[in-house]
Amino acid sequence: MYRYDSIDRQVVDERVAQYRDQTRRFLAGELSDDDFRPLRLQNGLYIQRQGPMLRVAIPYGMLSSTQLRRLAAIARTYDRGYGHFTTRQNMQFNHPRLEDVPQILAELAEVEMHAIQTSGNCIRNTTTDQFAGVAPDEHVDPRALAEILRQWSTLHPEFAYLPRKFKIAFNGADVDRAATLVQDIGFWAVRDARGELGLKVIVGGGLGRTPIIGSVIREFLPWQEMLTYTEAVLRVYNLHGRRDNLYKARIKILVKALGPEEFARQVEAEWQHLRGSEATIPEHELARVSAFFADPPYESLSDEDAAYEKAVADSRAFSLWAGRSVHAHKRPGYAAVTLSLKPHGLPPGDASADQMDVVVGLADRYSFGELRVTHEQNLVLADVRKRDLHALWLAAREAGLATPNRGLLTNIICCPGGDFCSLANAKSIPIATAIQEKFDDLDWLHDIGELDLNISGCMNSCGHHHIGHIGILGVDKHGSEWYQVSIGGRQGKDAALGEVIGPSFAATEVPGVIEKLVETYVEHRREGELFVDTAQRIGIAPFKAGIHGVEREIVHA
Amino acid sequence: MRSQLIRGHRVVEDEFAVVSLPEGADPASAPLPEGPVIVPLAVWSARREELLSREHAVGVQLSPTDVPSTLAEDLARLAVVAVHFPKFADGRGYSIAYQFRRRLGYRGELRAVGDVQRDQLYYLSRSGFDAFLIKEGHDAQAALASLHDFNATYQAAADGRLPRFRAAPPAREAAGG
Ligand code: SF4
């Protein structure tokens with residue numbers, strides 16, 4: 001993975017010094033709340049219901065075991081012994097003290113980490129495929145480009161005060177695991193007919209109050225011009241994006257208002273001044289950064305591993321887990337492995353410091369000392385020998401990291417919601433845990449099959465509920481918490497937005513509603529058909545009818 | 001503490017009087033004080049000849065919605081171009097500054113005015129501003145330090161610095177983590 005050189009190190013060190021002084025001035029009363037707010041936000045510090053929350057950047061989701069060990073230490077020293085992995089491949093600490101934050105940032109800087117631009121109206125952490133570099137369906141490993149973009153966007157002087165936050169994601173595979181259609185900019189790393197590397201550029205996607213699938217504004221951008229083109233997009237947005245209404249300030253609203261063709265025309269016009277300039281990326285820079293993402297020293301192995309096959313045949317628990325958690329790898333004899341942060345009954349995405357330390361050990365022992373954070377809020381060890389899978393499973397199970405639910409209904413993607421977030425309409429974590437408890441029977445869960453369930457506590461959609469096969473959204477009705485349920489959303493290259501099924505439900509009703517939706521699916525499904533495909537085929541009417549049953553039962557209860 | 005001007009990395013006396021135009025007022029009738037003035041773009045457009053015929057230096061102030069290329073032909077005649085920040089979090093002025101420096105080739109004083117505070121100075125100066133009218137009540141002398149918050153930079157910007165990949169390669173250090 002990428003390692004800092006003296007420039008990277010100096011940038012984060014100078015940032016820590018700057019923020020230390022800003023915090024000092026704030027505490028001394030020299031900086032007002034309002035003036036300090038954007039400064040702390042651009043250093044990842046929110047003030048939430050329960051006090052401060054610090055969001056630490058994990059660029060494109062990659063962590064070394066050394067970095068994770070440091071996160072565990074920070075969780076113990078400055079928080080309550082745990083951290084929370086987010087849908088943007090970051091880590092949040094929910095209870096740091098404002099006055100400790102400069103010191104936390106200094107300790108992060110020692111392991112080449114920071115919290116720069118993890119919130120605020122600026123360019124946020126770049127995200128990508130959690131299987132980048134190892135996925136068999138990958139054409140281009142996008143991590144070097146993502147790193148070059150990360151550096152360019154870090155402390156970019158012109159784009160620190162945009163109309164609204166700005167998110168960029170990369171995909172380089174057949175399956176889009178980075179939700180590139182619902183980003184401010186989505187880049188698909190592709191090769192043209194001559195084998196040249198380039199980017200397909202998608203802008204103006206997003207979830208939130210106005211969910212929109214992004215529009216392609218350029219089919220093929222030579223990779224050398226990634227930064228100049230991004231600069232053009234951002235300049236047009238910075239000058240013309242709306243600033244009068246928070247809910248209309250994202251780039252998607254501008255793209256929609258102008259129309260994608262006109263937006264593209266303005267970007268191209270700006271870009272004509274920039275292409276071929278000093279910001280055009282030279283060959284040697286891509287080579288320099290790509291070298292950090294070279295393959296680890298893989299062994300030559302046969303793809304079949306007898307011990308692994310035998311363990312799968314011998315242990316039903318192991319085979320259930322392997323079926324969900326072991327993913328194909330480009331190298332024979334290797335696999336990528338999901339470590340689940342979705343145990344039934346605990347907040348999705350939370351990891352205790354002790355669990356983090358266990359993962360550190362597993363990564364060092366089985367996966368070249370590296371791991372990834374997924375936007376589904378799980379962890380991935382990307383380079384595990386098949387022969388080690390059984391031992392890895394035993395250790396992960398011991399630490400509560402082997403719930404075999406990757407891709408299944410209880411692998412819920414869930415925002416922090418009303419327990420932590422001051423913007424929330426409703427709690428989301430208790431809804432997730434109640435659903436997980438309802439579907440605690442593993443056989444049933446596996447019979448239901450793949451089902452993405454996403455929960456957001458408000459329209460900001462941090463839990464990506466629009467693209468869940470089932471989406472749950474917290475809404476406020478006369479000051480009390482209600483939940484709207486939608487079905488039929490999906491992520492990936494055929495991303496679709498879910499459709500709301502009828503009225504809102506009280507928190508206690510939600511698990512029963514989900515159960516009815518699942519029953520309707522089971523009743524109608526064809527052999528091998530997934531929930532979302534059944535929903536698409538039969539439409540929402542039968543599901544609505546099923547829910548009416550719930551309402552009647554509730555009335556009669 | 002009234003607003004103080006930083007120019008050339010020092011706090012200096014501001015010789016310019018600012019002419020403001022209340023909303024709805026007629027640009028043709030705004031009174032012009034003696035001495036160097038900075039006028040809103042609307043006043044400049046309405047009274048360009050008159051302003052040029054005075055013996056005093058003249059500057060023009062833009063709001064975030066004004067278009068820099070409006071002044072393309074006049075830049076050599078202006079002593080100051082001022083860009084107004086209604087709120088420091090309104091970042092349009094940064095792109096406006098970029099356009100003056102890199103698109104229009106403006107070399108004269110580019111001044112940030114309005115809600116201009118210490119913690120924005122570094123970004124403002126990298127975006128091409130070289131003068132900063134620090135908001136009333138804030139200490140311009142103390143603010144000078146923040147012009148140098150960072151020595152290391154990644155990207156090209158209107159201050160003329162090169163992207164890291166065009167600068168001399170740094171030594172790779174033994175990594176600490
Ligand atoms: S979706 Fe709403 S409630 Fe949930 S974390 Fe985002 S802003 Fe907070």
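Atoms considered below: every heavy atom in the structure, side chains included; atoms not considered: hydrogens, waters and symmetry mates. Just so it is clear, the structure is predicted and the values come from calculations on it, not from any experiment. Every chain is numbered from 1 and lettered A, B, ... according to where its sequence line falls, protein lines coming before strand lines.
Qualifying ring pair (Phe, Tyr, Trp, His ring centres under 6.0 Å) partners for Tyr46(A), counting only residues two or more places apart in sequence or in other chains: none. In this view, Trp271(A) and Tyr229(A) satisfy the ring pair (Phe, Tyr, Trp, His ring centres under 6.0 Å) rule, not counting sequence neighbours.
Contacts between Arg37(A) and chain B at a heavy-atom distance below 4.5 Å are absent for every atom of the residue. Only the side chain of Arg25(A) comes within contact range of chain B, with at least one heavy atom under 4.5 Å from a heavy atom of that chain. Neither the backbone nor the side chain of Thr228(A) comes within contact range of chain B, judged by heavy atoms closer than 4.5 Å. In this structure, the portion of His284(A) lying under 4.5 Å from any heavy atom of chain B is its side chain and not its backbone. In this structure, the portions of Arg15(A) lying under 4.5 Å from any heavy atom of chain B include both its backbone and its side chain. For Ser277(A), the part lying under 4.5 angstrom from a heavy atom of chain B is the backbone only. The contact between Pro282(A) and chain B is made by backbone and side chain atoms together, counting heavy-atom distances below 4.5 Å. For chain B, no part of Asp13(A) is nearby; none of its heavy atoms comes within less than 4.5 Å. Contact of Gln151(A) with chain B is made through backbone and side chain together, with heavy-atom distances under 4.5 Å.
Annotation: side chain of Ser153(A) is not in contact with side chain of Gln155(B) (no heavy-atom distance under 4.5 Å).
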Steps toward side-chain contact (heavy atoms from CB on, under 4.5 Å) verdict (Glu14(A), Thr153(B))
CA-CA 10 Å; Glu14(A) 290 179 336; Thr153(B) 55; over 6 Å; no

Give the C-alpha distance, both sets of side-chain angles, the deciding distance and a yes or no for side-chain contact (heavy atoms from CB on, under 4.5 Å) between Arg243(A) and Asp90(B).
CA-CA 8 Å; Arg243(A) 291 173 186 267; Asp90(B) 182 338; 3.5 Å; yes

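Residues Tyr123(B) and Glu158(A) have side chains that never bring a donor and an acceptor to within less than 3.5 angstrom of each other.
Minimum interatomic distance between Phe88(B) and Pro38(A) (heavy atoms only, all atoms of both residues): CZ-CG, 3.5 Å. For the pair Ala89(B) and Tyr161(A), the tightest heavy-atom approach, listed with the atom from each and the gap, is O-CB, 3.5 Å. Between Ser95(B) and Asn238(A), the shortest heavy-atom distance links the atoms OG-ND2, 2.8 Å. Residues Ala279(A) and Pro163(B) come closest through the heavy atom pair CA-CG, 4.1 Å. The minimum heavy-atom distance linking Tyr98(B) with Leu274(A) is given by the pair OH-CD2, 3.3 Å.
Judged purely by atom type and a 3.5 angstrom limit, Asp119(B) has no side-chain atom pairing as donor or acceptor with the backbone of Leu39(A). Distance alone, capped at 3.5 Å, is enough to place a donor-acceptor pair between the Arg166(B) side chain and the Thr280(A) backbone. In this structure, Gln10(A) contributes its side chain and Asn151(B) its backbone to no donor-acceptor pair below 3.5 Å.
Taking the charged nitrogens against the carboxylate oxygens, Glu278(A) and Arg102(B) do have a contact shorter than 4.0 Å, which makes a salt bridge.
Once rounded to the nearest 0.5 Å, the distance linking NE2 of His156(A) with OG of Ser127(B) reads 8.0 Å. Here the CG atom belonging to Leu239(A) is positioned 8.5 Å from the CZ atom belonging to Arg92(B), to the nearest 0.5 angstrom. Interatomic distance, OG of Ser146(B) versus CG of Asp21(A), reported as 6.5 Å (0.5 Å rounding). A distance of 9.0 Å separates CG of Leu155(A) from CZ of Arg126(B), quoted to the nearest 0.5 Å.
Contacts from residues 26-34 of chain A to chain B, taken as heavy-atom pairs separated by less than 4.5 Å, involve Leu31(A), Asp34(A) in sequence order.
Note on residues 3-59 of chain B: pairs passing ring pair (Phe, Tyr, Trp, His ring centres under 6.0 Å), not counting sequence neighbours, are His9(B)-His148(B).
Highest contact tally toward chain B, considering only Thr154(A), Ile281(A), Asp35(A), Asn121(A), is held by Asp35(A) [criterion: heavy-atom pairs under 4.5 Å].
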